[in-house]
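Worth knowing before you read on, the calculation uses all heavy atoms, side chains too, and leaves out hydrogens, waters and symmetry mates. The structure presented is a predicted model; accordingly, all values stated were derived computationally and were not measured. Residue numbers start at 1 and run along the sequence shown.
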Amino acid sequence: MLRSTAPIAGLLPIEPQPHDLEILFGAPAEVGRILEYADGTRFAIRPDFGQISCNWTSESTPEDTATYLLGPVLAYLLRLRGTLSLHASAVAVDERAIVIAGHPGAGKSTTAAAFARSGATVITEDVAPVVWIDGAPSVTPGYPRIRLWEDVATTLFGELPPLTPTWPKRFLDVTEQFARHPYPIAKIVILGGRTANASLRRLTGHEAAIALLRNASMTHALDDSMREGELAQVTRLAEAVPLFAATAPDDLQRAGELLELLR
């Protein structure tokens with residue numbers, strides 16, 4: 001749970017309750033682990049990982065700051081706390097999660113949005129934290145928005161609001177079908193781009209573990225000891241749930257074909 005000194009675009013307000021992370025806007029971001037972006041937006045994660053201070057400049061906006069925060073910054077915090085976080089979206093079908101990972105532009109958000117359009121529950125977008133509940137891996141909820149490039153948004157949904165005043169992305173509000181609790185993972189899918197037809201292939205053993213390593217969030221920022229822990233985490237996850245390599249059809253109007261394969 002988060003407590004913030006200002007509203008954060010995209011997050012749902014909840015009744016006051018215990019929190020494990022405090023977000024300070026406009027506070028000096030000088031102490032701790034620093035993340036700074038080209039537009040001058042700056043974050044500092046306190047050494048005990050319980051607080052994030054953030055500042056922005058005239059070149060950025062509060063919406064830009066929220067986008068960084070809810071993406072790579074929180075992903076990095078999760079990794080610092082020892083939680084494996086995949087660069088992935090996740091949806092729930094029949095009370096079980098399908099985690100959709102892949103490199104930027106592979107179609108993670110597009111596939112999650114197509115699932116949302118079909119009525120599926122949306123669990124998270126871009127950052128998928130993996131937790132173990134009763135010995136089984138689950139993915140925890142993120143926030144009720146899916147970020148889409150403008151052409152994808154227009155093709156699938158028509159006009160959608162801009163994510164920020166400065167970025168060429170739109171967002172789909174999925175508040176009405178957003179997850180409120182973790183879901184056990186049924187499968188993890190690694191998208192490898194687009195081809196003429198949707199495809200799905202099972203990954204096993206070493207290939208599966210490497211695929212997970214390549215799609216873990218903020219791996220480049222980990223130190224050696226954290227990388228060792230990450231290897232153990234992805235190996236355990238690869239042994240616990242089936243992994244698949246997939247491609248999406250290059251025609252967005254045929255997005256449903258991949259959904260049928262994944263179901």
Consider only side-chain heavy atoms of I, L, V, M, F, W and Y, link residues closer than 4.5 Å, and tell whether Ile98 and Val131 are in one cluster.
no
Main-chain N/O of Ala120 paired to Gln177 side chain as donor or acceptor, under 3.5 Å
yes
Show the numbers, then the answer: is there a side-chain contact (heavy atoms from CB on, under 4.5 Å) between Leu74 and Ile52?
CA-CA 9 Å; Leu74 283 183; Ile52 298 176; 4.0 Å; yes
To the nearest 0.5 Å, atom CG of Leu77 lies from atom CD of Gln51 at 11.5 Å
Quick one: do Leu212 and Leu86 satisfy side-chain contact (heavy atoms from CB on, under 4.5 Å)? Show the steps, please.
CA-CA 8 Å; Leu212 286 178; Leu86 299 178; 4.2 Å; yes
Can Val127 and Met218 be said to form a side-chain contact (heavy atoms from CB on, under 4.5 Å), step by step?
CA-CA 10 Å; Val127 178; Met218 300 297 289; over 6 Å; no
For Leu203 and Ala245, which heavy atoms make the closest approach, and how far apart are they?
CG-N, 3.7 Å
Which heavy atom in Thr247 sits nearest to a heavy atom in Asn197, and how many Å separate them?
OG1-O, 3.5 Å
Shortest non-hydrogen contact from Leu252 toward Arg194:
CD2-NH2, 3.8 Å
All heavy atoms of Ala179 vs all of Thr121, minimum pair found to be N-CG2, 3.7 Å
Apply side-chain contact (heavy atoms from CB on, under 4.5 Å) to Leu258 and Leu191, showing your working.
CA-CA 10 Å; Leu258 178 58; Leu191 286 181; 3.8 Å; yes
Side-chain donor or acceptor of Arg96 paired with backbone N/O of Lys187 under 3.5 Å:
no
With a 4.5 Å cut-off on side-chain heavy-atom distances among I, L, V, M, F, W and Y, is there a chain of contacts connecting Leu156 to Phe115?
no
Applying side chain to side chain donor-acceptor pair (under 3.5 Å), name anything that partners Arg147, two or more places apart in sequence or on another chain.
Tyr143
Looking only at side chains, do Thr164 and Thr166 share a donor and an acceptor under 3.5 Å apart?
yes
What about Leu70 and Leu80, same hydrophobic cluster or not, with Ile/Leu/Val/Met/Phe/Trp/Tyr joined at side-chain heavy-atom distances under 4.5 Å?
yes
Would you say the side-chain atoms of Ser109 and Glu125 include a donor-acceptor pair closer than 3.5 Å?
yes
What pairs with His206 under ring pair (Phe, Tyr, Trp, His ring centres under 6.0 Å), at least two apart in sequence or on another chain?
none
Working to the nearest 0.5 Å, report the span between CD1 of Ile190 and NZ of Lys108.
10.0 Å
For the side chain of Thr61 and the backbone of Asp64, is there at least one donor-acceptor N/O pair under 3.5 Å apart?
yes
Would you give the length of the straight line joining atom CD1 of Ile123 to atom OG1 of Thr140, rounded to the nearest 0.5 angstrom?
9.0 Å
Main chain of Gly82, side chain of Gln233: is a donor-acceptor contact present, judged purely on distance under 3.5 Å?
yes
Donor-acceptor pair, side chain of Thr5 and main chain of Leu24, under 3.5 angstrom
no
Would you find a donor on one side and an acceptor on the other, under 3.5 Å apart, between the side chain of Glu63 and the backbone of Pro165?
no
Should His87 and Pro104 count as side-chain neighbours, where that means a heavy-atom distance under 4.5 Å?
yes
Ignoring hydrogens and angles, tell me if any N or O in the side chain of Arg145 forms a donor-acceptor pair with the backbone of Phe171 under 3.5 Å.
no
Out of curiosity, Arg81 CZ to Ile45 CD1, how far, rounded to the nearest 0.5 Å?
9.5 Å
So how far is it from Leu11 CG to Ile23 CD1, rounded to the nearest 0.5 Å?
9.0 Å
So, the side chain of Arg227 versus the backbone of Thr219: is there a donor-acceptor pair under 3.5 Å, distance only?
yes
Check whether more than 12 heavy atoms from other residues, nucleotides or ligands sit under 6.0 Å from atom CG of Asp94, and answer yes or no.
no
Closest heavy-atom pair and its distance - Pro144, Gly10:
CD-O, 3.0 Å
Could you walk me through whether Arg79 and Glu230 pass the salt bridge (charged side-chain N to carboxylate O under 4.0 Å, His left out) check?
CA-CA 9 Å; Arg79 303 309 308 275; Glu230 177 183 60; 2.9 Å; yes
Can you check whether Gly102's main-chain N or O pairs, donor with acceptor, with Asn215's side chain at less than 3.5 Å?
yes
More than 12 heavy atoms of other groups within 6.0 Å of Arg263 CZ:
yes
Extract all donor-acceptor atom pairs below 3.5 Å that involve side chains of residues 31-41 and protein atoms in other chains or at least two apart in sequence.
from  : atom 1 : to    : atom 2 : distance (Å)
Arg33 : NH1    : Tyr76 : OH     : 3.3
Glu36 : OE1    : Arg42 : NH1    : 2.7
Asp39 : OD1    : Thr41 : N      : 3.0
Asp39 : OD1    : Thr41 : OG1    : 2.9
Asp39 : OD2    : Tyr68 : OH     : 2.8
Thr41 : OG1    : Ser60 : OG     : 3.1

Would you say the side chain of Val99 lies within less than 4.5 Å of the side chain of Val130, judging by non-hydrogen atoms?
no
Just how far is it from atom CG of Asn55 to atom OG1 of Thr65, taken to the nearest 0.5 Å?
8.5 Å
Kindly indicate whether the side chain of Phe244, heavy atoms from C-beta on, has any atom under 4.5 Å from the side chain of Leu262.
no
Provide the closest heavy-atom pair for Pro129 versus Thr83 in the form atom of the first, atom of the second, distance.
CB-CG2, 4.2 Å
Looking at Pro242, is its backbone amide N or carbonyl O close enough to the side chain of Arg202 to form a donor-acceptor pair, meaning the two atoms are under 3.5 Å apart?
no
Within one Ile-Leu-Val-Met-Phe-Trp-Tyr cluster: Leu78 and Tyr183, side-chain cutoff 4.5 Å
no
Shared hydrophobic cluster, Leu243 / Leu200 (ILVMFWY, side-chain heavy atoms < 4.5 Å):
no
Quick one: are Ser89 and Ile146 in side-chain contact, heavy atoms under 4.5 Å?
no
